[in-house]
Amino acid sequence: MAAWSGTKILWATIAVTLIAALPVRAQDTTAAEGEEAPVIAAPAEPGRAAPPLDSQYDSPEATGFNSFAASDVAPLPLDSFMPPTLPVVVELFTAQGCSSCPPADAMLEALADDPGILPLSLHVDYWDYLGWTDSFASPEFTARQEAYARAAGERSVYTPQLIIDGQDTAVSPGPAQLMGLIDAHRASPALVSITREQAPEGDRIEVVPLSELTGSIDVVLVRYVPNRTVEIEAGENRGKEMSYTNVVLSLEKLADWDGQAPLRLTIRAEGRPDDSYPSDTRHVILVQEDLSGQEMPGPILAAIGLD
């Protein structure tokens with residue numbers, strides 16, 4: 001059994017040894033001077049009040065938001081390719097209080113059985129104003145969605161939003177369109193290789209560039225739980241029992257890397273389950289470009305599970 005599996009081992013402390021890597025620096029999610037943060041706005045519907053705005057956001061747009069039709073929840077096709085070495089990462093920005101989100105949540109759940117895809121649910125907090133506080137939401141995930149918007153030159157964010165490998169998104173994708181985007185990333189050449197070796201002192205992770213890389217690259221630890229069911233008691237989804245897949249609990253940057261020479265990390269697991277990280281917590285490392293070195297997430301170059 002892998003060292004990260006079971007009910008007794010949790011990420012509590014992390015020892016990181018860097019070789020040929022840039023120094024670790026603190027995360028900074030603030031916008032550059034003179035740069036506008038994107039609008040925080042929910043999908044507009046007749047009769048719905050806009051979310052409360054603070055001084056850093058402009059008025060919400062009334063159009064251009066993603067909405068999934070119920071017909072979009074058709075079973076996703078299984079392809080005949082062998083699972084790739086590096087899974088395609090599909091991030092869904094969602095919320096328990098968003099009435100447009102359940103079909104997208106169901107689409108993400110349909111992806112979970114494919115070993116070549118890593119689906120992740122990131123719950124944002126800007127729907128909480130409707131009367132139901134999302135039990136999985138975090139300002140950290142809202143900030144990540146905002147950062148994606150800034151990187152793409154967008155001024156608004158919305159739910160549900162799917163982002164594939166940190167690069168591609170689409171308004172109202174059906175299963176066929178979503179799988180088309182995923183398959184395009186499956187077929188793209190790998191820019192890095194990532195391997196994991198278990199050792200007494202912890203997991204040894206090595207990331208090796210396979211082509212010329214430029215700029216800063218983040219190595220991020222993602223903690224998530226595989227499945228959760230929630231009874232929604234208020235808000236737009238009141239009275240529904242919702243299921244969520246691969247619910248992200250936290251994102252933690254372990255290192256900056258310049259991509260010029262191999263990066264080696266030693267990661268140690270310690271501690272016991274608690275309310276923050278329960279016994280079924282899973283862990284994955286993402287290697288992701290940091291556009292312009294300004295904490296704007298770019299393409300995800302590699303992902304590897306530790307459980």
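All values reported here derive from a predicted model rather than from experimental measurement.
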Original post:
Looking at side-chain heavy atoms only, is the closest gap between V248 and V222 below 4.5 Å?
Top reply: yes
Original post:
What's the shortest heavy-atom distance between W257 and V208, and which atoms?
Top reply: CH2-C, 4.4 Å
Subject >> Salt bridge R223-D307, side-chain N to carboxylate O under 4.0 Å >> reply: no
Original post:
Can you find a side-chain donor-acceptor pair between D125 and T142 that sits under 3.5 Å?
Top reply: yes
**OP:** Please determine if D165 and R186 form a salt bridge, counting it only when a charged side-chain N lies under 4.0 Å from a carboxylate O.
**Re:** no
Original post:
Below 4.5 Å, heavy atoms only, C-beta onward: do P226 and N246 meet side chain to side chain?
Top reply: yes
Original post:
Would L251 and E140 count as a side chain to side chain contact (heavy atoms under 4.5 Å, CB included) if you check the C-alpha gap in whole Å, the side-chain angles of each, and the deciding distance to 0.1 Å?
Top reply: CA-CA 8 Å; L251 302 166; E140 177 184 20; 3.4 Å; yes
**OP:** Begin from the C-alpha positions of M179 and L111 and carry the test side chain to side chain contact (heavy atoms under 4.5 Å, CB included) through to its verdict.
**Re:** CA-CA 9 Å; M179 289 307 300; L111 298 175; 3.9 Å; yes
Original post:
Is it the case that D105 and T94 place a side-chain donor and acceptor less than 3.5 Å from each other?
Top reply: yes
Original post:
What are the two closest heavy atoms between D134 and D128, and how far apart are they?
Top reply: N-OD1, 3.1 Å
**OP:** Look up atom CG in L120 and atom CD1 in I163, then write down how far apart they are to the nearest 0.5 Å.
**Re:** 11.5 Å
Subject >> Q260 side-chain N/O to L213 backbone N/O, donor-acceptor pair under 3.5 Å >> reply: yes
**OP:** Compare every heavy atom of L291 with every heavy atom of P299, then report the nearest pair and how far apart it is.
**Re:** CD-CD2, 4.3 Å
**OP:** Examine the side chains of S250 and Y224 and answer whether a donor and an acceptor come within less than 3.5 Å of each other.
**Re:** no
Original post:
Which value, rounded to the nearest 0.5 Å, describes the distance between I194 atom CD1 and L210 atom CG?
Top reply: 11.5 Å
**OP:** Compute whether any side-chain donor of one residue and acceptor of the other, for W127 and Q96, lie under 3.5 angstrom apart.
**Re:** no
Original post:
In Å and rounded to the nearest 0.5 Å, what is the CD1 to OG distance from I304 to S193?
Top reply: 9.5 Å
Original post:
Side-chain contact, heavy-atom cut-off 4.5 Å: D290 with P297?
Top reply: no
**OP:** Check the side chains of T245 and E109 for a donor-acceptor pair under 3.5 angstrom, ignoring hydrogens and angles.
**Re:** no
Subject >> Distance-minimising heavy-atom pair for L301 and L86 >> reply: O-CD1, 3.6 Å
Original post:
A303 and L118: which non-hydrogen atoms are nearest, and at how many Å?
Top reply: CB-CD2, 4.4 Å
Original post:
Between R144 and E91, is there a side-chain N and carboxylate O pair less than 4.0 Å apart?
Top reply: yes
Original post:
Minimum heavy-atom separation for S156 to A149, with atom names?
Top reply: O-CB, 4.0 Å
Original post:
Are side-chain heavy atoms of L181 and D183 found at a separation under 4.5 Å?
Top reply: no
**OP:** Starting at CH2 of W132, measure out to SG of C98 and round the result to the nearest 0.5 Å.
**Re:** 15.0 Å
**OP:** State, without any angle test, whether E146 and Y126 hold a side-chain donor-acceptor pair at a distance under 3.5 Å.
**Re:** no
**OP:** For the pair R150 (side chain) and M296 (backbone), establish whether a donor and an acceptor sit closer than 3.5 Å, ignoring hydrogens and angles.
**Re:** no
**OP:** Show the numbers, then the answer: is there a side chain to side chain contact (heavy atoms under 4.5 Å, CB included) between I217 and Q288?
**Re:** CA-CA 6 Å; I217 298 170; Q288 183 168 22; 5.9 Å; no
Original post:
Taking side chain as C-beta onward, heavy atoms only, is E252 less than 4.5 Å from V220?
Top reply: no
Original post:
Taking side chain as C-beta onward, heavy atoms only, is F136 less than 4.5 Å from V230?
Top reply: yes
Subject >> pair E236-L130: side-chain heavy atoms closer than 4.5 Å >> reply: yes
Original post:
Taking the side chain as C-beta and beyond, is there a heavy-atom pair between V284 and L221 under 4.5 Å?
Top reply: no
**OP:** Report the C-alpha distance between H123 and F93 in whole Å, list the side-chain angles of each, state the deciding distance to 0.1 Å, and finish with yes or no for ring-ring contact (aromatic ring centres under 6.0 Å, His included).
**Re:** CA-CA 6 Å; H123 286 238; F93 291 93; over 10 Å; no
**OP:** With side chain to side chain contact (heavy atoms under 4.5 Å, CB included) as the test, would you mind laying out the steps for N227 and D280 before giving the verdict?
**Re:** CA-CA 9 Å; N227 298 287; D280 60 343; over 6 Å; no
